[in-house]
Amino acid sequence: MEFDAFSRMLFSSTPLLPNGTVSWLALHLGWAIVLGSVALLVSSWLLPRYRWTLALLALVWTLLPNASSPAFWLGLAFQSPSLMSVVLCVNWLLGYAALRQDTSTRHTVTDSWSQNVLLLLGVLLGWGLLLDTLAWFPVSIYAWGFGSMALALVLTMATLLWLLSGSRTAALLLAVLAVFVLTRAPTGNLWDALLDPLLWVALQLGYLLTVARRYWRARRLRAATHA
Amino acid sequence: MLILGVLLLLDRLPRATVADPARAVWPASAVLPVGQPLMFKAGGRIPVPPGTPVAHASALLAMPVSHPSELLAFWFAGQRESGADVQIAASQFDRIKQQWSAARFVVNRHTLADQLGFGVRRLGNPVAWVDGQGRVHLFVVATGLGGWAAARIVHLRQSHPAQDFAALSFDVERVLPLSWFWNKSFLVRTAPLSLKDGGMVLPVHFEMGIKYPVALRFDASGDFLGMVRISSRKHLLQPALLISDESRWLALMRDQSLMGKVALAQTLDGGRHWNDLPDLTLHNPDSSVAALALAPESMFLVHNSLPKGRSVLDLSASTDGQNWVLAQTLARGAAHEEFSYPALAWAGNSLWASYTDQRQAIAWQQFSFVAPVR
């Protein structure tokens, strides 16, 4: 198959990679926000005041330079987290803080269709990129992430999704794309900004949990109907 | 829609226009006599840094004629391969003294990690290139968690434009972003192919489970322009690029399969597309090769020529890149001995070869097309 015209369209521009400062910030700030969120998440047994202190400590510790920072070791294994992971953590932190402020109402997460679409696309994108790493396809999907065309496609899709659903998830995707265009973090490749392998695993686990929860709910409902 | 338009504009404006199609250049500007036998001129071992019993994976870099060094050699050295103390060593072949200088270390994993902001477990193969401004670029294999299969390629650039070898130092440019999977398992080993626009094509390979070769393109400043897979086969690595003409290039590759031959792929459009060709008749005992086309119809290949083992290292010549004849045997030892990981360069009207000698030293040989004056 001749991919020439297609690849010319996709590679209509040269890659833009982040400079050293942006890469350093993407690594340290990215992991600081992720680890701060994780610290807050796993310390639910503590009083809120201590949870925030713990999260802040994790954040500051990760911003330290060199081997004293967890980012030094996490970067060795996993490089930088994706912008999407960072933005999701920021979103979760802001939501958590808002929830703490407003104790009169209980917020529930709605399972909007746009969220499901993005979840499915994220899972599929991860599989595509993993198989691409193992050279399963005749063309390199990862290489498209350096070009303008991939960005234009994802931007158009995110804008349409946002216009149609008005969902927060689509807005978060647009925020990720905006930060990527302005900084090129973390690597200059769009796919690295949208999804990292850890987030991809988390998405799949989240998806499986949702499916399992639905299954058990339906089963309980059926049992109750029969009774 | 306004957001969409603004972001697209912000993305497009800072990008350079599409790079011209890649056109390769031969390193030997003078027309070489085709078929003229090579004459051995000199040889020996490059001095190693003191206290480093292991030396491996050398790279040769021909320097511009205005530079005091005729050649620079880089390799990794330390107490043992994959050892924590392994650093990138370098030596220069002084243009006036006509001898190798004492070796010195130019990159170590600690300074690399400091500059990158994250840890580097081990260092491996270096590959060097000199850009249009005469600055030396180094591409070095640096491992993360999980050994060579978890390696990444770090791009370094010469810190100062100084020509003094004693002052040669490097700053990290970046880790080359080559795969989504935590950017793991891309390694560099063989020399870049120079382009007419001052840029180059750097051959690299992926090696986590499967092995496949990839070509990376860089502009005259050493900025990354893109990547293309060289072969659809999953057991080939360490591609060595050869110019057949400015747009038709060959990639000769190490074959990891049993009883392998030197594998071959070609591009007819300056590296945009590659297709596999039948293997060469030359044996490849899962060992790295080095290839260099000096001028049209003047191609050279260094390879381990026995079906098994790396005890014989030959220099072969070809006019078309597919049919090779033995030009010289560079090294021959007992069955357990190893002469491997060769490199080739053209400098000072000589063909230079370097290779790992028993994993203890880097050996070199210099050949000329003109009989030396006695």
- Message: Run Thr159(A) and Ile3(B) through side-chain contact (heavy atoms from CB on, under 4.5 Å) and show every step you take.
- Response: CA-CA 8 Å; Thr159(A) 310; Ile3(B) 299 171; 6.0 Å; no
- Residue pair Gly117(B) / His28(A): nearest heavy atoms and the distance that separates them: O-CE1, 3.4 Å
- Heavy-atom neighbours of Leu208(A) CG exceed 12 at 6.0 Å: yes
- Please flag which part of Ser179(B) lies under 4.5 Å from any non-hydrogen atom of chain A: side chain, backbone, both or neither. both
- Is it the case that more than 12 heavy atoms not belonging to Arg135(B) sit under 6.0 Å from its CZ atom? yes
- Query: For Ile210(B), is it the side chain, the backbone, both or neither that has a heavy atom under 4.5 Å from a heavy atom of chain A?
  - Reply: side chain
- Does Phe181(B) reach the side chain of Leu129(A), with side-chain heavy atoms less than 4.5 Å apart? no
- Message: Please report the interatomic distance OG(Ser23(A)) to CD(Glu173(B)), rounded to the nearest 0.5 Å.
- Response: 10.0 Å
- Counting only heavy atoms not in Trp92(A), do more than 12 sit closer than 6.0 Å to its CH2 atom? yes
- Task: Pick one of side chain, backbone, both or neither for Pro197(A), based on which atoms fall under 4.5 Å of a heavy atom in chain B.
- Result: both
- Item | Sub-4.5 Å side-chain heavy-atom contact between Pro177(B) and Tyr142(A) | yes
- Query: Is the count of non-hydrogen atoms from other residues, nucleotides or ligands lying under 6.0 Å from Trp148(B) atom CH2 greater than 12?
  - Reply: yes
- Heavy-atom distances under 4.5 Å only: say whether Ser80(A) touches chain B with side chain, backbone, both or neither. neither
- Would you mind reporting whether Gln79(A) and Leu116(B) have side-chain heavy atoms less than 4.5 Å apart? no
- Query: If you look at every heavy atom in Thr14(A) and Arg15(B), which pair is closest and at what distance?
  - Reply: O-NH1, 2.8 Å
- Task: Heavy atoms only: give me the nearest Gly226(B)-Pro15(A) pair and the separation to one decimal.
- Result: N-CG, 4.2 Å
- Message: If you define the side chain from C-beta out and look only at heavy atoms, does anything of Leu134(A) sit under 4.5 Å from Tyr212(B)?
- Response: no
- Given a strict heavy-atom distance threshold of 4.5 Å, which part of Leu182(A) is in contact with chain B: side chain, backbone, both, or neither? side chain
- Flag if over 12 foreign heavy atoms under 6.0 Å of CH2, Trp24(A): yes
- Message: Taking side chain as everything from C-beta outward and backbone as N, CA, C, O, which of these in Leu178(B) sits under 4.5 Å from a heavy atom of chain A? Side chain, backbone, both or neither.
- Response: backbone
- Query: Would you say the side-chain atoms of Arg152(B) pair up with the backbone N or O of Leu76(A), donor to acceptor, closer than 3.5 Å?
  - Reply: yes
- Task: Sort Leu198(A) into side chain, backbone, both or neither according to what part of it lies under 4.5 angstrom from a heavy atom of chain B.
- Result: both
- Task: Would you please classify the geometry between the Trp182(B) ring and the Phe78(A) ring as parallel, tilted or perpendicular, with 30° and 60° separating the classes?
- Result: tilted
- Item | Under 4.5 Å from any heavy atom of chain A - which part of Phe206(B) | side chain
- Query: Has the side chain of Lys184(B) got a donor or acceptor atom that lies under 3.5 Å from a matching backbone atom of Ala77(A)?
  - Reply: yes
- Heavy-atom side-chain proximity of Val228(B) to Ser140(A) below 4.5 angstrom: no
- Mind checking the CG-CG spacing from Asn66(A) to Asp114(B)? Nearest 0.5 Å is all I need. 4.5 Å
- Query: Any donor-acceptor pair under 3.5 Å linking the side chain of Arg174(B) with the backbone of Thr187(A)?
  - Reply: no
- What part of Asn189(A) lies closer than 4.5 angstrom to a heavy atom of chain B: side chain, backbone, both or neither? neither
- Task: Kindly check if the number of other-residue, nucleotide or ligand heavy atoms within 6.0 Å of CZ (Phe105(B)) is above 12?
- Result: yes
- Query: What part of Leu27(A) gets closer than 4.5 Å to chain B, counting heavy atoms only: side chain, backbone, both or neither?
  - Reply: side chain
- What is the minimum heavy-atom distance between Asp11(B) and Arg184(A), and which atoms define it? OD1-NH2, 2.6 Å
- Contact part of Val6(B) toward chain A, heavy-atom cut-off under 4.5 Å: side chain, backbone, both or neither? neither
- What distance do Leu17(A) atom CG and Leu176(B) atom CG have between them, rounded to the nearest 0.5 Å? 8.5 Å
- Passes side-chain contact (heavy atoms from CB on, under 4.5 Å), Trp73(A) versus Leu145(B)? Steps please. CA-CA 9 Å; Trp73(A) 304 104; Leu145(B) 211 59; over 6 Å; no
- Task: Find the one option among Pro186(A), Ser82(A), Gly126(A) whose heavy-atom pairs under 4.5 Å with chain B are most numerous.
- Result: Gly126(A)
